[in-house]
Amino acid sequence: MSKNPFQTALTTLQEAAKMADVEPNAIKMLSQPKRIFEFTIPMKMDNGELEIFTAYRVHYNDALGQVKNGLRFVPDLDLDTVKALGFWMTIKHAVGGIPAGGGKGGVRVDAGKLSEGELERLSRAYIRKLPMKGAWVDIPGADIGTSAKTMAWMLDEYEEINGFHSPAAINDKPAETSGTVGSMEATGTGAFFVTMEAVRDLNIPKGSTVAIQGFGNVGRIAARLLHKEGYKVVGVADYFGGVYDSKGIDVDKLEEHALNHPNRSVEGYAGEKAINKEEVLELDCDILIPAAVQSVIHEENADKIKAKLIMEAANGPVTPGAEKMLQERNVHIVPDVLTNCGSAIVCSFERTQGLTDSYWDIATINSRLKEQITKAYRETMDTAQKKETSMRNAAWINALQKVSKSMKARGWI
Ligand SMILES: NC(=O)c1ccc[n+]([C@@H]2O[C@H](COP(=O)([O-])OP(=O)(O)OC[C@H]3O[C@@H](n4cnc5c(N)ncnc54)[C@H](O)[C@@H]3O)[C@@H](O)[C@H]2O)c1
């Protein structure tokens, strides 16, 4: 398979199109982005030298609503990556029942090497130079290399340009600057709600065992909620190391340990035995949650996976070859576009709060997140059962049908 991320996305689209029964023109439209912006940002650095940065924004498809999603400030950003990510967001929004299209963008820059002042000037310049933006067109949010801080600068710049407040124009702002509470926890919380649905369908009772790879924003929150719900977290590992305990790990204590570790790692936590990031995947457990990086479950380790249920909290943790092997053993996989769409859902709540100037408490955020992500799970499961196919295929079928119906109604196809 091509290493070009956009070619990979198109291959996936062609495969999904075969099952989804949507008309060829829908696939033709979805094979190209609606708009691409590529521009340069010349900027005087602190040392007086002029640097010229390349910036992108892709509005991949906006049939379901204004585009939204992240900006990456990373040194290896290229247009094909941005196009591919915009495409994935189009699908994820459709799966999550989010009234938004898919967008992505960023700047080719090593954000870690910028001074605070340079980062602020670059963030503000990006928004100044972006041709189309705003709550009803395109809402940029944070991604790798950007954060709540950069998004607050962008919001401020946008409001200065326009001369009025517009809190719904930028996502992932700090809660105190008309952002939303719960955005940092949204993906882990959403993954927990989806897991609760899956365990009910598969009759995996409380007290069953869980292994988690990755203990960052997503894995840590999922571990905390599953532990609180009465599931036994027996193994956790991250990049630096991990721990196994057949009696169950006290996740509160593990969080405290990680907080005090120089790399925020679970490495060195006292349990039955130390394990590494590969061993955690092969533990004897009922539920496995890969919540770190892509392609960790592949053809070389798929036959060693013992879990009955894999919740894809990370993006693309199971390779297609491994998925085939796991399906033959009836291992149930809940795909990434569904399991980790919680942050996309809460981002859309952030926009709604900004548009209505009414800000919700965490209980409201979580109850609406639960309602929406559970509905997305049920829709996916219904399609999987009706079409006798996997949850991944079902999620794609539903997404392609939603987007193509809207394109049809709009007269695009
Ligand atoms: N944060 C979100 O809202 C969000 C939304 C959708 C998808 N995701 C995906 O979820 C995954 C985790 O995101 P996060 O926000 O928790 O990231 P994070 O940076 O907060 O944490 C990543 C964790 O994974 C571990 N890790 C890194 N490389 C590893 C490796 N090779 N093997 C094992 N462990 C490794 C790190 O040590 C850390 O514990 C990523 O794939 C991300 O793309 C995150």
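Ligands are counted one by one from 1 in listed order, and the atoms in each one are counted from 1 as well.
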Measuring centre to centre across the rings, with the benzene-like ring taken for any Trp, is Tyr126 within less than 6.0 Å of Phe39?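 Ring centres of Phe39 and Tyr126 closer than 6.0 Å.
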Are His261 and Tyr269 close enough that their ring centres sit under 6.0 Å apart?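 Centroid distance His261-Tyr269: not below 6.0 Å, so no.
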[X] contact mode with ligand 1 (heavy-atom cut-off under 4.0 Å):
{"X": "Ala237", "value": "neither"}
{"X": "Ser343", "value": "side chain"}
{"X": "Gln213", "value": "side chain"}
{"X": "Asn340", "value": "both"}
{"X": "Ser265", "value": "neither"}

Over 60° means perpendicular and under 30° means parallel, so classify the ring planes of Phe87 and Trp396, tilted if in between.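 Tilted: the ring planes of Trp396 and Phe87 meet at 30° to 60°.
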Hey, is atom 17 (O) of ligand 1 touched by any protein heavy atom at less than 4.0 Å?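 No, because not a single protein heavy atom sits under 4.0 Å from atom 17 (O) of ligand 1.
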Between ligand 1 and [X], is the shortest N or O to N or O distance under 3.5 Å?
{"X": "Asn315", "value": "yes"}
{"X": "Val293", "value": "no"}
{"X": "Val218", "value": "yes"}
{"X": "Asn217", "value": "yes"}
{"X": "Ala292", "value": "yes"}

